[in-house]
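What follows is one structure encoded as structure tokens, with my remarks underneath.
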Amino acid sequence: MNRSLAIVLLSATALAGFAAAQAKDAKPAPKASAPTAPAAAPATKPAYGTFGFDEAGMDRSVKPGDSFYNYASGAWTKNTPIPADKSNYGAFNILSDLSEARTRGILDGQLKDPSSKIGMAYSTYLDRPAIDAKGFAPIKPMLARIKGATKKSYSALIGELARDGVGAPIAGGVGQDDKNPNAYVFGIYQSGLGLPDRDYYLSTDAKLAASKAGYEAHIARMFTLAGEPNGAARAKAIVDFETAIAKVSWTRIDSRDATKTYNKMTVAQLQALAPGIDFPALFTAGGAKGVTEVVVAQPSAVAEISKLVAAAPIGVLQDQLIFKALGNFADVLPKAIDDERFAFYGTTLAGTPQQEERWKRGVRFTSQSLEDEVSKLYVAKYFPPETKAAADKLVKNIISAMDTRIDKLEWMAPETKVKAHAKLAAFVPKIGYPDRWKDYSGLKIVAGDAFGNNVRANQFQTDYQTAKLGKPVERWEWGMTPMEVNAYANFGMVEIVFPAAILQPPFFDPAADPAVNYGGIGAVIGHELSHHFDDQGAKYDATGTLSDWWTPADVKNFTALTGKVVAQYDAYEPLPGMHVKGALTLGENMADLAGLTVAYDAYKKSLNGAEAPVIDGFTGDQRFYLGWAQVWRRSYREATLRQRLLTDPHSPSEQRASIVRNMDPWYGAFQPKPGETLYLAPADRLKVW
């Protein structure tokens with residue numbers, strides 16, 4: 001199953017629902033209507049500084065060779081506190097806040113229309129007094145179904161609940177088949193952990209152990225708030241059960257391997273592998289009738305989890321589902337339980353002092369439930385054709401530079417280069433927004449029923465995904481909304497996708513100096529493009545098929561180079577005793593390395609042989625690399641950084657900015673000296689692309 005969304009900021013997360021789509025591409029049925037966008041005059045002045053870079057945010061007392069990140073953004077970091085409702089803060093958050101505020105304006109406008117499904121969903125979510133007045137009444141029928149489960153009916157129950165939006169020890173979903181990209185297939189995954197990673201259960205690290213203890217206490221409080229007796233004992237049993245699951249779960253490093261995680265089998269073979277779960281009953285109850293074959297991502301884990309399910313007392317299985325149901329719907333249940341969930345997941349695990357205002361969460365709920373209904377209003381107001389045209393041109397220039405660079409690769413065989421060129425030629429760039437919108441007429445939104453709206457939105461999206469089985473692949477679909485500040489590469493679709501919201505300063509500013517744009521959005525484009533040739537993306541050919549299209553010598557040469565990338569990042573220690581996981585972050589680090597390299601080539605080519613002007617004392621090359629550093633401005637709360645080091649396939653922002661230490665032109669631009677922290681001798685600089 002194609003799980004290859006490689007996203008700039010956040011990688012595709014593990015699927016938590018029975019038929020959750022890869023990343024967030026669970027979409028309602030399509031309606032063929034073309035989006036429109038208004039004409040708007042481009043800005044005449046850059047949003048940042050005089051040429052698109054915030055010079056005031058620099059710390060010129062820092063040598064570029066000691067910390068390029070702090071040289072470029074040290075003053076900004078010192079002078080910009082993390083807002084109380086955020087776990088981290090940087091360029092992405094600034095644009096996300098802008099996107100949320102703009103979307104709020106759109107939704108507020110819809111409140112005036114009594115026939116607007118958007119307005120009804122948003123206003124109902126915002127009505128906290130009405131939600132509190134209902135108490136736990138809306139969720140009681142769901143909890144009663146859970147409490148009535150037997151070992152025999154458990155498998156069907158988790159299928160039903162996953163359609164509602166409640167996770168279980170096994171997860172699944174419909175996605176593109178990695179070895180047959182013109183078809184959909186049902187994927188099965190390990191699941192069942194309430195903490196962010198298996199290390200939280202198994203590590204002897206004091207802070208992780210404290211988080212585990214805090215998790216158990218949190219479960220107990222959730223039971224008590226919901227009126228459930230014996231919360232402490234039940235919480236301990238859940239944590240013990242999940243600890244057993246953690247022990248048999250694959251690591252994130254193994255789970256990112258496209259080859260290891262493609263294990264196709266019939267449902268009968270799956271049943272034989274994991275007899276502790278009745279998969280036909282699960283599929284039927286979840287609405288995925290007629291499933292005959294599946295791709296199992298982590299076979300040994302699925303087998304062992306099924307044994308744990310078979311051995312567990314029904315009460316423990318019920319309690320885990322009760323806890324997950326309360327947590328997944330906490331925002332549409334009484335405020336006390338919503339606050340408790342945030343206190344643990346927001347404050348204890350991420351260090352965030354304050355929960356977001358209700359309207360921000362309402363914007364997110366409405367935008368996720370009625371994605372394209374909101375999206376088409378957003379792009380009509382905030383994404384002018386001129387921005388799309390300028391971004392299209394940049395993408396073409398980056399692809400051209402990548403095409404040229406393929407011929408320069410010493411480690412790739414000539415016959416493989418021919419295939420690499422063919423893959424590049426097959427690329428489908430998607431800029432701004434989809435060229436079709438979807439129809440949400442089948443989604444029922446009821447005024448005053450916040451809980452029901454949430455459940456029905458989950459069911460609607462799940463049903464749409466499962467209905468794809470046996471149908472042609474919908475290649476026009478997007479895995480993100482235009483309002484999201486992000487981008488991704490999809491290996492099976494052979495595409496790179498850039499939502500409207502990321503095509504803004506500091507990433508992209510039509511009024512900025514081209515060097516800054518090439519170092520910003522140009523490198524991001526190169527990043528996504530190069531994902532298709534990273535240690536996992538390179539396993540997919542020009543048709544998006546998982547296949548062996550490199551020679552054995554190519555693979556050997558490439559592996560030797562990627563080993564050096566892993567070693568360089570393993571050496572970084574963002575927190576005392578906690579290093580970057582080079583093997584986990586390999587794909588993203590390689591994409592940063594290749595993306596910045598290719599973007600530099602494209603920038604130089606855009607000059608047509610002329611010398612770039614000096615602006616405010618900065619050369620073109622200096623402005624290019626400063627543009628790169630500026631987009632990675634980010635401060636983290638310690639708890640968040642710890643969690644990311646364990647779970648995030650992206651390196652922290654300072655290390656992402658530091659990729660420049662491998663670029664020969666950066667040395668010419670900033671003259672770092674031997675002995676400075678980032679300095680690498682020419683022979684030690686990473687050269688993959």
Side-chain angles (χ1 to χ4, degrees), residues 46 48-78 90-91 401 506-507 512-524 526-527 564-565 568-569 571-572 574 589 592-607 610-634 651-689:
Y48 288 84
T50 59
F51 59 87
F53 175 75
D54 174 25
E55 293 181 59
M58 301 177 71
D59 185 348
R60 296 174 190 261
S61 69
V62 177
K63 295 178 181 178
D66 281 332
S67 173
F68 190 60
Y69 175 88
N70 285 317
Y71 170 74
S73 300
W76 178 89
T77 301
K78 292 174 185 175
F507 293 92
D513 173 59
V516 176
N517 279 332
Y518 274 98
I521 197 63
V524 170
H527 172 108
K564 294 179 180 179
V565 179
Q568 184 175 109
Y569 279 83
Y572 291 126
N589 297 334
D592 283 349
L593 180 65
L596 193 59
T597 299
V598 172
Y600 179 81
D601 288 354
Y603 167 60
K604 299 303 279 189
K605 186 176 180 180
S606 74
L607 296 174
E611 281 293 319
V614 174
I615 302 176
D616 290 357
F618 294 103
T619 66
D621 280 13
Q622 288 174 329
R623 298 193 303 276
F624 172 84
Y625 289 114
L626 288 171
W628 167 257
Q630 182 171 244
V631 303
W632 298 117
R633 285 179 170 179
R634 179 172 296 274
S651 297
S653 284
E654 181 168 359
Q655 284 69 46
R656 297 190 78 169
S658 298
I659 197 76
V660 296
R661 67 191 303 210
N662 298 288
M663 315 289 176
D664 291 340
W666 178 75
Y667 286 81
F670 292 98
Q671 301 296 313
K673 301 293 190 294
E676 293 177 356
T677 306
L678 295 182
Y679 181 86
L680 291 170
D684 295 329
R685 296 168 196 168
L686 299 174
K687 305 290 182 187
V688 181
W689 284 95

Hey, are the side chains of Tyr667 and Lys673 touching, using non-hydrogen atoms and a 4.5 Å cut-off? no

For the pair Asp66 (side chain) and Thr677 (backbone), establish whether a donor and an acceptor sit closer than 3.5 Å, ignoring hydrogens and angles. yes

The reported gap from OG1 in Thr597 to CH2 in Trp689 (rounded to nearest 0.5 angstrom) is 10.5 Å

Side-chain heavy-atom pair Pro574, Glu654 within 4.5 angstrom cut-off: no

Min side-chain heavy-atom separation Ser658-Tyr572 under 4.5 Å: yes

Salt bridge or not for Asp621 and Lys604, using N-O below 4.0 Å? yes

As an exercise, state the distance from CD of Gln622 to CD1 of Ile615, rounded to the nearest 0.5 Å. 11.5 Å

What's the separation between atom OH in Tyr600 and atom CZ in Phe624, rounded to the nearest 0.5 Å? 8.0 Å

pair Arg633-Thr77: side-chain heavy atoms closer than 4.5 Å: no

Min side-chain heavy-atom separation Phe53-Asp513 under 4.5 Å: no

Test your reading of the model: is there a side-chain donor-acceptor pair from Trp628 to the backbone of Arg656, 3.5 Å cut-off? yes

So, do Glu55 and Arg60 sit near enough that their side-chain heavy atoms are less than 4.5 Å apart? yes

Are any of the side-chain heavy atoms of Trp76 and Gln630 separated by less than 4.5 Å? no

Could you grab the distance from atom OG of Ser67 to atom CG of Asp59, nearest 0.5 Å is fine? 9.0 Å

Run Val598 and His527 through side chain to side chain contact (heavy atoms under 4.5 Å, CB included) and show every step you take. CA-CA 9 Å; Val598 172; His527 172 108; over 6 Å; no

Leu626 and Val516, any side-chain heavy atoms less than 4.5 Å apart: no

Atom pair CZ (Arg634) and OH (Tyr69), whose distance is rounded to the nearest 0.5 Å: 8.5 Å

One thing to verify: whether Asp616 and Arg623 come together as a salt bridge, which I'm taking to mean a side-chain N less than 4.0 angstrom from a carboxylate O. no

Any luck finding a side-chain donor-acceptor pair between Gln568 and Asn589 under 3.5 Å? no

Parallel, tilted or perpendicular: ring planes of Phe670 versus Trp666, cut at 30 and 60 degrees: tilted

Check against side chain to side chain contact (heavy atoms under 4.5 Å, CB included), Asp684 and Lys564: CA-CA 9 Å; Asp684 295 329; Lys564 294 179 180 179; over 6 Å; no

In this structure, are over 12 heavy atoms from other groups packed under 6.0 Å from Lys687 atom NZ? yes

Let me see the working for Tyr71 and Met58 under side chain to side chain contact (heavy atoms under 4.5 Å, CB included), right down to the final yes or no. CA-CA 6 Å; Tyr71 170 74; Met58 301 177 71; 3.5 Å; yes

